[in-house]
Amino acid sequence: MKQALAGLKVVDLSQVLAGPYCTMVLADMGAEVIKIEKYPNGDDTRTMGPFINEESHMYMMVNRNKKGVCLNLKTTEGLALFKELIQSVDVLVENYRPGVTKKLGIDYDTLKEINPELIYCSISGYGQTGPYSQKGGYDIMAQGLSGLMHMTGEADGRPVKVGFAVNDIAAAQTALQSILMAYIYKLRSGEGQYIDVSLVESGLTWTVWEAAAYFGKGELPDRTGTAHRVSAPYQGFKTQDDYILIGAGNQKLWEIFATKVVTRPDWLDDPRFATNYLRAQNVKALEAAIESELIQHKATHWLQLLDEHGIPSSPIYSYDQTLNDPHILERGMVLAYEHPVAGPMRTLGFPAKFSQTPGQLTNVAPTLGQHNEEILKSLHVTDERIKQLKEAKAIHSK
């Protein structure tokens, strides 16, 4: 089956989540991704559980469809091999702290002399320039600095991080789209370029509604729980047995909700609830009024009624409920495969459905150094030299 990025060759020097997620998507779409792991223990996620037959499930989740090499870039032999490989590569992705690549001799200025068409993408916490560039930056720090934590949680509670590593994934998506744009430019011009992506800025640019409120009226996006800042009702509400989400954010939906779902036509005459703007200004009173009705029946009753009348709604699932929902399963978002060490495994599917070039799970995540010899032989490295490289501790496999 055809794949959109077949022929694209990528070297992945990154580890943990942001970079590996970016290169995983490239690999899912057909790119040849060679993951070069640090000597001798590999990507840090290999030490993170849960483990299945000593293989990290976290590592396997974001390194599928890649070839794995464990290369010691601090040795003369390892660095020489790396530079040989770079000659035929389209894209390099790394997430070293600024300055480290220069010390290793693998910075963009050095490598573009070897391969002028190279697209080189650096992913870091704060970016390659600026007063914070040398600080270590993980997802949670990026959530804090980008303002995300301050606006997440209940109004009277502590700041709360988003339940998953949102700034890591934002950086992965920013890197991905940037690499593809640079690749289109390269196909037209023959020129490579350098891309600088940070976790902070990637998450910050997703706060578009909040920026509009601040730049437009100086309003700060404080914590609102599940409620929306400018639309109501648009949040989680308690029923007799569980919470559900209701989004009746425009006037037509509000009128249907009030008259057909909860049968409270008198709410249409309440001056506090007359318009979307007023409902948002009086959201606590609105929440109390709605929950006084919803508490009379169970969540399934209300979700069925909301569906019947075309009001956007949803249960609030636990993660196991999500991964066993019939819609999620029919959409192919849970894939089963066999790992040579871990055995039967499951992983997440592909969110975009392509008619001609769909994403494919063609290879499982590599064991440490699994493809050392395959990649080295593609560079015409002899068996004798491979033996010497092992003795020199330039390469390693498990």
Side-chain angles (χ1 to χ4, degrees), residues 2-15 18-36 65-67 69 71 73 78-130 133 168-202 204-206 352 354 356-357 359 375 378-380:
K2 294 181 293 185
Q3 288 195 277
L5 297 180
L8 179 69
K9 192 168 183 178
V10 180
V11 162
D12 179 7
L13 273 175
S14 66
Q15 61 172 351
Y21 187 97
C22 167
T23 55
M24 177 195 74
V25 178
L26 293 172
D28 289 348
M29 300 308 296
E32 179 187 4
V33 176
I34 301 169
K35 182 176 179 70
I36 297 182
N65 288 332
K66 303 176 186 179
K67 296 178 179 178
V69 173
L71 187 62
L73 295 175
L79 183 59
L81 280 173
F82 177 77
K83 290 182 176 179
E84 286 181 49
L85 180 61
I86 285 297
Q87 294 176 29
S88 61
V89 163
D90 297 295
V91 178
L92 182 146
V93 178
E94 56 89 0
N95 64 351
Y96 287 103
R97 189 178 298 186
V100 173
T101 55
K102 190 167 185 64
K103 291 178 183 178
L104 289 172
I106 58 171
D107 55 294
Y108 176 64
D109 288 338
T110 298
L111 297 185
K112 74 175 181 180
E113 295 298 318
I114 300 171
N115 182 353
E117 296 186 11
L118 180 66
I119 297 167
Y120 189 119
C121 182
S122 295
I123 305 174
S124 60
Y126 302 96
Q128 301 296 307
T129 60
S133 61
D168 268 331
I169 300 301
Q173 296 288 7
T174 300
L176 177 65
Q177 67 190 28
S178 301
I179 287 167
L180 293 177
M181 286 186 281
Y183 186 53
I184 292 170
Y185 177 74
K186 172 183 171 176
L187 293 175
R188 293 172 176 169
S189 68
E191 297 178 7
Q193 61 183 297
Y194 182 73
I195 302 169
D196 177 4
V197 173
S198 85
L199 273 63
V200 171
E201 292 153 26
S202 298
L204 179 60
T205 56
W206 285 10
F354 287 67
Q356 301 300 316
T357 57
I375 299 302
S378 74
L379 299 175
H380 308 293

field: Ile106 and Leu79, any side-chain heavy atoms less than 4.5 Å apart
entry: yes
- prompt: If you round to the nearest 0.5 Å, how far is CD1 of Ile114 from CD of Glu84?
  reply: 10.0 Å
message: Just to verify, what does Asp168 make a salt bridge (Lys or Arg N to Asp or Glu O under 4.0 Å) with, not counting sequence neighbours?
response: none
- prompt: Counting distance only, does the side-chain N/O of Asp12 pair as donor-acceptor with the main-chain N or O of Thr23 below 3.5 Å?
  reply: no
task: Measure the CG-CG distance between Leu85 and Leu71 for me, rounded to the nearest 0.5 Å.
output: 8.5 Å
- prompt: Closest approach of Lys66 and Pro20, non-hydrogen atoms and distance?
  reply: NZ-O, 3.0 Å
- request: Compare every heavy atom of Gly19 with every heavy atom of Ile123, then report the nearest pair and how far apart it is.
  value: CD1-CA, 3.7 Å
field: 4.5 Å side-chain heavy-atom contact, Val11 and Phe82
entry: yes
query: Under the 3.5 angstrom rule, does the side chain of Lys112 hit a backbone N or O of Asp107 as a donor-acceptor pair?
result: no
message: Is it the case that the side chain of Thr174 and the backbone of Ala170 share a donor-acceptor pair, with hydrogens and angles ignored and the cut-off at 3.5 Å?
response: yes
Ile179 and Cys22, any side-chain heavy atoms less than 4.5 Å apart: yes
- prompt: When you measure from the side chain of Asp28 to the backbone N and O of Asn65, does any donor-acceptor pair fall under 3.5 Å?
  reply: no
query: Just how far is it from atom CD1 of Ile184 to atom NZ of Lys186, taken to the nearest 0.5 Å?
result: 13.0 Å
- line: With sequence neighbours left out, the residues meeting salt bridge (Lys or Arg N to Asp or Glu O under 4.0 Å) with Lys67 are Glu32, Glu374
Main-chain N/O of Val89 paired with Asn115 side-chain donor or acceptor, under 3.5 Å: yes
- request: Assign the ring pair Tyr108 / Tyr120 to parallel, tilted or perpendicular, where the plane angle (0 to 90°) is split at 30° and 60°.
  value: perpendicular
task: Apply side chain to side chain contact (heavy atoms under 4.5 Å, CB included) to the pair Leu180 and Leu26, showing each step before the final yes or no.
output: CA-CA 9 Å; Leu180 293 177; Leu26 293 172; 4.1 Å; yes
message: Can a donor-acceptor pair be found, under 3.5 Å and without considering hydrogens, that links the side chain of Asp90 to the backbone of Lys9?
response: yes
task: Decide yes or no for Tyr194 and Ser122: does some side-chain heavy atom of the first lie under 4.5 Å from some side-chain heavy atom of the second?
output: yes
